[in-house]
Amino acid sequence: MPSSIAWGLLLLASLCCLFPGRLAEDVQETAAPQQDQKHPAFHRITPNLADFTFSLYRELAKQSNTTNIFFCPVNIAAALAMLSLGTKGPTHSEILEGLGFNITEMPEADIHAGFQSLLHSLNRPSNQLELTTGSGLFINENVKLLEPFSMDVKNLYQSEAFTVDFTDPEEAKKQINKYVEKGTQGKIVDLVKDLDKDTVLALVNYILFKGKWDKPFNPEQTSEGDFHVDEDTVVKVPMMHRLGMFRVHYCSKLSSWVLLMDYQGNATAIFFLPDQGKMPHLEATLTRSIISKFLHKTDISSADIYFPKLSISGTYDLKSVLSALGITTVFSNGADLSKVTEDVPLKVSKAVHKAVLTLDEKGTEAAGATSLGVMATSLPPEVIFNRPFIIVITEKETDSPLFVGKVVNPTKQ
């Protein structure tokens with residue numbers, strides 16, 4: 001085989017978030033990574049992940065500022081970090097720098113230990129919140145992975161390896177899609193639409209998140225309302241309603257209302273509702289430190305909240321987005337993935353990411369009647385999410401941004 005030919009490596013990051021279903025009862029806990037329990041290794045990488053999140057969000061918003069956005073930064077970052085284990089030279093440095101890491105300041109071993117610690121923590125069983133991640137390597141039958149790479153992706157990223165025949169693209173596509181469908185409990189099907197005939201290796205990541213609101217909405221209070229997509233477009237949506245005590249604040253710096261709603265377990269959703277015409281200001285101003293500040297606010301006040309039921313998704317070919325962040329060589333014939341295999345030269349031919357979000361009264365499962373809590377005697381403010389807003393879902397223990405999105409039109413899938 002001519003060494004000048006770069007065979008395809010297909011990088012797939014897929015996930016599913018917030019769908020109705022039973023909580024998993026038989027989640028197996030993986031072996032804990034070696035770390036100081038008082039100072040888990042993931043704490044070293046979470047600031048970088050947060051900065052990567054906002055860089056990625058702003059690039060997606062720049063590419064399309066009139067459509068819904070929804071993605072999982074942790075999922076994408078873990079897939080890229082895992083891939084970096086097989087790279088050398090500029091290919092290697094571009095990936096880690098694109099993720100926001102400076103390997104002169106943080107040893108590479110600490111980066112991978114951080115991801116190992118993060119994935120272990122996210123996969124810890126809970127009877128309140130189901131949060132499961134997984135990854136798989138699909139290798140062509142005639143390609144042998146180098147043992148150090150194979151062992152590292154297994155031990156650090158909990159990745160399974162499967163042998164497939166990529167010379168039969170339809171069958172290979174079927175196997176990959178079946179793996180993703182099973183991992184996301186049937187919520188993401190047909191992730192892979194087509195496979196290049198030269199593909200020899202596919203990396204697949206997914207994350208499944210199911211949660212119930214700590215204080216659910218009452219379905220009897222849901223009624224049809226208007227959602228203002230823009231100055232000229234209004235759509236009808238089921239608008240949930242709850243009058244009660246909330247972690248809700250108006251932030252003049254962001255020109256936005258900020259609403260925090262907890263899930264049962266260790267996750268919190270933060271919603272940013274900018275004033276009319278202030279979405280560009282919010283997107284330019286929102287930072288990791290601002291998010292952290294609101295997460296640590298515990299004071300509550302009475303409010304009258306109206307929030308749309310919705311189901312949106314985001315599907316992205318990440319090649320152009322990652323290229324804008326400086327990750328380019330891995331997609332070119334100059335890619336160096338020689339630590340993956342010595343059998344054939346590789347490049348990433350495609351990087352696909354799909355995220356799905358459903359929000360309803362109960363979160364994801366039926367729950368008891370809603371509780372209003374203690375009410376103030378003064379008239380509470382009305383906060384009506386009837387125009388585009390931003391959502392950030394974080395995992396409390398790891399302080400990681402699990403999901404980020406912008407709802408522009410809640411009626412668009």
Side-chain angles (χ1 to χ4, degrees), residues 15 17-18 49-76 209 211 213 227-231 233 235 237 239-240 246-263 267-297 303 305-314 316 321 353 355-359 383-395 399-413:
L15 63 102
C17 169
L18 297 176
L49 285 180
D51 291 339
F52 171 71
T53 297
F54 288 108
S55 296
L56 199 59
Y57 174 87
R58 291 188 178 104
E59 190 56 39
L60 289 171
K62 186 189 303 180
Q63 292 189 8
S64 178
N65 213 24
T66 59
T67 58
N68 297 327
I69 295 172
F70 194 65
F71 67 98
C72 176
V74 167
N75 187 249
I76 296 170
F209 173 41
W213 295 125
F227 189 95
H228 299 265
V229 177
D230 53 40
E231 291 182 0
T233 309
V235 296
V237 295
M239 193 70 77
M240 302 182 292
F246 291 92
R247 292 164 68 191
V248 62
H249 318 272
Y250 182 81
C251 178
S252 56
K253 180 177 181 178
L254 298 177
S255 298
S256 299
W257 281 99
V258 183
L259 169 67
L260 293 89
M261 296 209 306
D262 291 326
Y263 291 99
T268 299
I270 314 174
F271 303 97
F272 297 89
L273 179 67
D275 296 341
Q276 196 70 41
K278 289 294 186 177
M279 178 61 79
H281 170 74
L282 172 62
E283 291 178 322
T285 310
L286 196 56
T287 62
R288 163 171 52 96
S289 60
I290 291 176
I291 294 277
S292 179
K293 174 185 174 183
F294 281 112
L295 283 172
H296 287 90
K297 275 181 170 285
I305 302 293
Y306 291 83
F307 201 91
K309 287 178 65 170
L310 57 87
S311 181
I312 64 170
S313 65
Y316 308 99
V321 182
H353 180 76
V356 184
L357 168 70
T358 296
L359 292 175
V383 184
I384 306 175
F385 284 77
N386 62 353
R387 56 185 181 274
F389 60 90
I390 289 176
I391 174 175
V392 178
I393 298 177
T394 64
E395 202 275 337
D399 201 22
S400 297
L402 295 178
F403 307 97
V404 178
K406 177 169 65 173
V407 177
V408 175
N409 186 342
T411 66
K412 295 291 186 182
Q413 294 292 315

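The first residue of the sequence shown is numbered 1, and numbering continues consecutively from there.
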Original post:
side-chain contact (heavy atoms from CB on, under 4.5 Å) between T67 and K412: does it pass, once the steps are laid out?
Top reply: CA-CA 9 Å; T67 58; K412 295 291 186 182; over 6 Å; no

**OP:** Go through the steps for V237 and L310 under the test side-chain contact (heavy atoms from CB on, under 4.5 Å), then give the verdict.
**Re:** CA-CA 8 Å; V237 295; L310 57 87; over 6 Å; no

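- Side-chain atoms of L286 and I291, non-hydrogen and from C-beta on, do get closer than 4.5 Å to each other.
- Side-chain atoms of H249 never come within 3.5 Å of backbone atoms of L260 as a donor-acceptor pair (strictly under, hydrogens ignored).
- Of the possible donor and acceptor atoms, one in the side chain of R247 sits under 3.5 Å from a partner among the backbone N and O of L295.
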Original post:
What's the verdict on side-chain contact (heavy atoms from CB on, under 4.5 Å) for V383 and F246, showing C-alpha distance, side-chain angles and the deciding distance?
Top reply: CA-CA 11 Å; V383 184; F246 291 92; over 6 Å; no

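- Here the side chains of M240 and I305 are not in contact, with every heavy-atom distance at 4.5 Å or above.
- No side-chain heavy atom of E59 sits under 4.5 Å from any side-chain heavy atom of L56.
- A pairwise comparison of heavy atoms in I390 and E283 identifies CD1-CG, 3.9 Å as the closest pair.
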**OP:** Please test L259 against L273 for side-chain contact (heavy atoms from CB on, under 4.5 Å), starting from the C-alpha separation and ending with a verdict.
**Re:** CA-CA 8 Å; L259 169 67; L273 179 67; over 6 Å; no

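- The minimum heavy-atom distance between A61 and K406, with the atom names listed, is CB-NZ, 4.5 Å.
- Annotation for V407 and F227: closest pair O-CZ, 4.2 Å, computed over non-hydrogen atoms.
- The aromatic rings of F70 and F403 lie parallel to each other, with less than 30° between the two planes, well short of the 60° mark.
- Interatomic distance, CG of N68 versus CG of L60, reported as 12.5 Å (0.5 Å rounding).
- Counting all heavy atoms, side chain and backbone alike, M239 lies closest to F385 at CE-O, 3.9 Å.
- Interatomic distance, CD1 of I290 versus CD1 of I270, reported as 11.5 Å (0.5 Å rounding).
- Rounding to the nearest 0.5 Å gives a distance of 6.0 Å between NZ of K293 and SG of C251.
- The minimum heavy-atom distance linking F52 with P73 is given by the pair CE2-O, 4.0 Å.
- The shortest side-chain heavy-atom distance between V321 and Q63 falls under the 4.5 Å cut-off.
- Scanning both residues, P388 and P274, for their nearest heavy atoms gives O-CD, 3.5 Å.
- Sorted by first then second residue, the side chain to side chain donor-acceptor pair (under 3.5 Å) pairs that include residues 250-259, not counting sequence neighbours, are Y250-D275.
- Ring geometry for Y316 against F71 counts as perpendicular: the plane angle is over 60°, on a 0 to 90° scale with 30° as the lower cut.
- Put simply, CG on D230 and OG1 on T66 are 9.0 Å apart, with the number rounded to the nearest 0.5 Å.
- Taking the side chain as every heavy atom from C-beta outward, F389 and F272 never approach each other to under 4.5 Å.
- Note that the CD1 atom of I76 and the CG atom of L49 stand 11.5 Å from one another [nearest 0.5 Å].
- Residues R288 and T53 are not in side-chain contact: their nearest non-hydrogen atoms beyond the backbone lie 4.5 Å or more apart.
- Within the 4.5 Å cutoff, no side-chain heavy atoms of L254 are placed close to those of K278.
- A 4.5 Å side-chain heavy-atom check between F271 and V248 finds every atom pair outside the cut-off.
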